[in-house]
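By convention in this document, chain letters (A, B, ...) are assigned in the order of the sequence lines, proteins followed by strands, and residues within each chain are numbered from 1.
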Amino acid sequence: MTLVQLDQVHKSFDNVQALQGISLRLDPGEVLGLFGHNGAGKTTTMKLILGLEQPSQGDVSVFGLQPSQPHFSQQRFSIGFLPENVAFYPQLTGREVLRYFGRLKRVGPQRCSALLDRIGLAHAADRKVKTYSKGMRQRLGLAQALLSEPKLLLLDEPTVGLDPIATQDFYSMVDELRGQGCGVILCSHVLPGVEQHIDRAAILGNGQVRALGSLSQLRQQANLPMSIRVKSTLARNQLQHELDRLTTLAKGMRPINGSTLEWESDPSNKMQLLRALTQNPHIDDIEFQQPSLEKLYRYFVEDHDEVTPQ
Amino acid sequence: MNAVLTIAHKELKDGVRNRWIVAITLVFALLSVGISWFGAAGAGVVGFTSLPNTIVSLASLAVFLIPLIALLMAYDAIVGEDEDGTLLLLLTYPLSKGQLLLGKLLGHGTIMGLSTLLGFGASAITIILFAENVDTNAVLQAFSSFVASATILGCVFLAFAYCISAWVSEKSRAAGGALLFWFLFVLIFDLALLCILVATEGQFHPDLFPFLLLLNPTDVFRLINLIGFEGDGQGILIVARDLSYGSGVLYCALLAWLLLPLGTAYLLFRRRPL
């Protein structure tokens with residue numbers, strides 16, 4: 001069953017067109033990355049899925065039901081949501097906050113304690129939330145989102161304020177949930193490091209879906225060049241000369257430092273280049289770099305002409 | 001229903017934690033015992049004078065304090081949660097806006113009710129224990145009605161506070177709005193009525209006047225605690241001495257005053273952008 005389906009959804013506030021015909025779907029066990037700059041429509045999309053707003057036009061369905069209808073309430077037990085900025089209740093301790101939200105989701109205190117452990121907040125569970133750092137509050141928010149073993153998880157900027165290790169822990173948790181069949185929608189500005197944890201990416205701009213698909217599909221669609229780095233013991237001139245002799249695909253080479261050269265080429269040339277370059281014994285290292293999510297993002301969000309493939 | 005109780009329980013716990021309950025109870029107890037005992041000090045008498053005098057004086061005190069306390073306790077009920085980001089989160093939980101509002105009212109109302117009962121109950125007990133020649137039943141009856149109507153009055157102003165809280169987008173504006181409501185209902189309304197009376201030189205339509213009093217919940221509260229006594233009303237209520245309203249009608253009016261702003265608060269909350 002499809003967890004979330006948006007069909008040609010429009011949403012306008014007063015005279016602002018926030019969404020203009022968004023279509024998305026999310027299946028169980030899938031992680032969908034939702035990317036876009038501020039005002040691109042990420043938050044509005046989340047609110048529509050959560051039933052906090054009604055679409056002006058088009059259909060939103062979650063678990064096969066309309067989330068803005070009152071009878072959707074029962075489904076909310078299986079939805080986890082981490083909002084972008086939650087201060088929670090500064091006067092309460094982390095444990096009290098989690099138990100309060102737990103009661104609303106009919107989850108017992110043992111589960112709350114287990115989650116606090118899991119999220120790495122057990123040591124600070126009995127301190128007031130106002131003493132928490134941004135990262136600790138974020139962890140508490142995550143614990144809250146995971147209270148009822150959700151079937152659908154919506155995360156708005158989940159790793160903001162988390163240190164690298166906590167971020168890694170967080171993503172391993174997402175991977176685990178995905179393995180259990182939970183569908184995850186992940187909104188983020190922070191692009192590096194997200195790649196390997198998402199199945200598909202939707203790039204939003206001006207209330208429209210600019211691109212949607214797996215990363216390899218997006219790469220194909222954008223057809224951005226990959227970069228090739230070659231390291232050698234030879235002097236730069238000599239290396240340049242050697243490369244010219246080996247292949248016609250080494251154009252526009254730039255020196256990175258004394259013994260390394262870099263250039264861009266179409267991704268489809270990868271094997272041909274590899275075969276050619278490995279013939280030379282003086283080449284120590286070859287590095288291919290696929291266009292990163294950041295580059296894809298720039299490509300799809302900005303005017304397509306601005307990034308000119310070479 | 002479970003969700004309503006969960007919200008109410010949290011509000012009540014917050015009330016204990018930030019010492020609202022203790023503070024209000026103490027203020028009520030000190031002032032009410034003081035009034036019961038020294039209310040007639042100006043006339044050169046110390047000690048309990050009469051039940052009607054005491055109740056009327058207590059009502060005058062409550063009419064100032066209870067609305068103020070209720071407004072202060074609840075003005076940030078919705079806008080505060082919004083500013084902390086918890087409102088958005090709560091609404092993604094299996095919980096409707098109506099349940100959230102009812103839970104808040106139940107929690108805050110319990111705080112008001114408990115403080116009123118304990119605070120004013122203290123003076124009832126003092127009177128029964130220490131005053132001479134008092135009819136215990138009469139005291140209990142008068143104080144029961146007093147505590148019940150004071151609690152409803154508190155809830156009326158809690159509902160006003162929710163209206164303000166659902167309406168505005170910043171906590172500071174809600175605080176300002178709360179003070180404005182207090183001025184309007186506690187001070188300005190009666191003053192305006194007096195002005196009308198004076199300006200028309202008492203020629204004001206006699207049937208219309210009692211009806212006008214029903215338009216202010218604080219006056220309804222005072223009327224409830226005035227009838228049944230041959231007492232002398234104070235201020236504006238002197239005119240209402242021989243009113244035809246029974247206590248049933250007055251309680252209904254007070255309850256209507258609770259439902260009206262509560263319904264308004266719900267509508268405003270539903271329309272509030274997130």
Q: Heavy-atom pairs under 4.5 Å with chain A are the metric here; pick the option from B/Leu95, B/Leu274, B/Asn18 that has the most.
A: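 Going by pairs under 4.5 Å, I would pick B/Leu274.
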Q: At a heavy-atom separation under 4.5 Å, does B/Ser96 approach chain A through its side chain, its backbone, both, or neither?
A: neither
Q: Is A/Arg139 salt-bridged to A/Asp169, cutoff N-O under 4.0 Å?
A: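 No salt bridge links A/Arg139 with A/Asp169.
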Q: Below 4.5 Å from any heavy atom of chain A, which atoms of B/Asp14 appear? Answer side chain, backbone, both or neither.
A: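 The side chain, not the backbone.
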Q: Between B/Gly85, B/Pro273, B/Pro94, which residue shows the highest count of heavy-atom pairs closer than 4.5 Å to chain A?
A: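 Counting heavy-atom pairs under 4.5 Å, the top option is B/Pro94.
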Q: Quick check on A/Leu147 against chain B: is it the side chain, the backbone, both or neither that has a heavy atom closer than 4.5 Å?
A: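 A/Leu147 touches chain B through side-chain heavy atoms alone.
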Q: Are A/Lys151 and A/Phe63 in a cation-pi setup, meaning NZ or CZ lies under 6.0 angstrom from the ring centre and within 45 degrees of the ring axis?
A: yes
Q: If you count heavy-atom pairs under 4.5 Å between each of A/Gln144, A/Lys47, A/Gln75, A/Glu84 and chain B, which one has the most?
A: A/Gln144
Q: Of the backbone (N, CA, C, O) and the side chain (C-beta and beyond), which part of A/Pro90 lies under 4.5 Å from a heavy atom of chain B, both, or neither?
A: side chain
Q: Side chain, backbone, both or neither: which part of A/Phe13 has a non-hydrogen atom closer than 4.5 Å to chain B?
A: neither
Q: Could you tell me if the ring centre of B/Phe157 sits under 6.0 Å from that of B/Phe160?
A: yes
Q: Please classify the contact between B/Glu81 and chain A as side chain, backbone, both or neither, with a heavy-atom cut-off of under 4.5 Å.
A: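 Contact with chain A: side chain only.
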Q: Between A/Lys105 and B/Tyr93, is NZ or CZ placed under 6.0 angstrom from the six-membered ring centre and within 45° of the ring axis?
A: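 Checked: cation-pi criterion met.
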Q: Does any heavy atom of chain B fall under 4.5 Å from the side chain of A/Leu104, the backbone, both, or neither of them?
A: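 Both parts, backbone and side chain.
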Q: From B/Ile21 CD1 over to B/Leu12 CG, what is the distance, rounded to the nearest 0.5 angstrom?
A: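 Rounded to the nearest 0.5 Å, the CD1-CG separation comes to 5.0 Å.
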Q: Regarding B/Lys10 and the six-membered ring of A/Tyr89, is the cationic atom NZ or CZ under 6.0 Å from the ring centre and inside 45° of its axis?
A: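 Yes, B/Lys10 lies over the aromatic ring of A/Tyr89.
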Q: Report the residue from B/Phe64, B/Trp257, B/Phe146 that forms a ring-ring contact (aromatic ring centres under 6.0 Å, His included) with B/Phe221.
A: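 Going through B/Phe64, B/Trp257, B/Phe146 one by one, the ring-ring contact (aromatic ring centres under 6.0 Å, His included) with B/Phe221 is satisfied by B/Phe146 alone.
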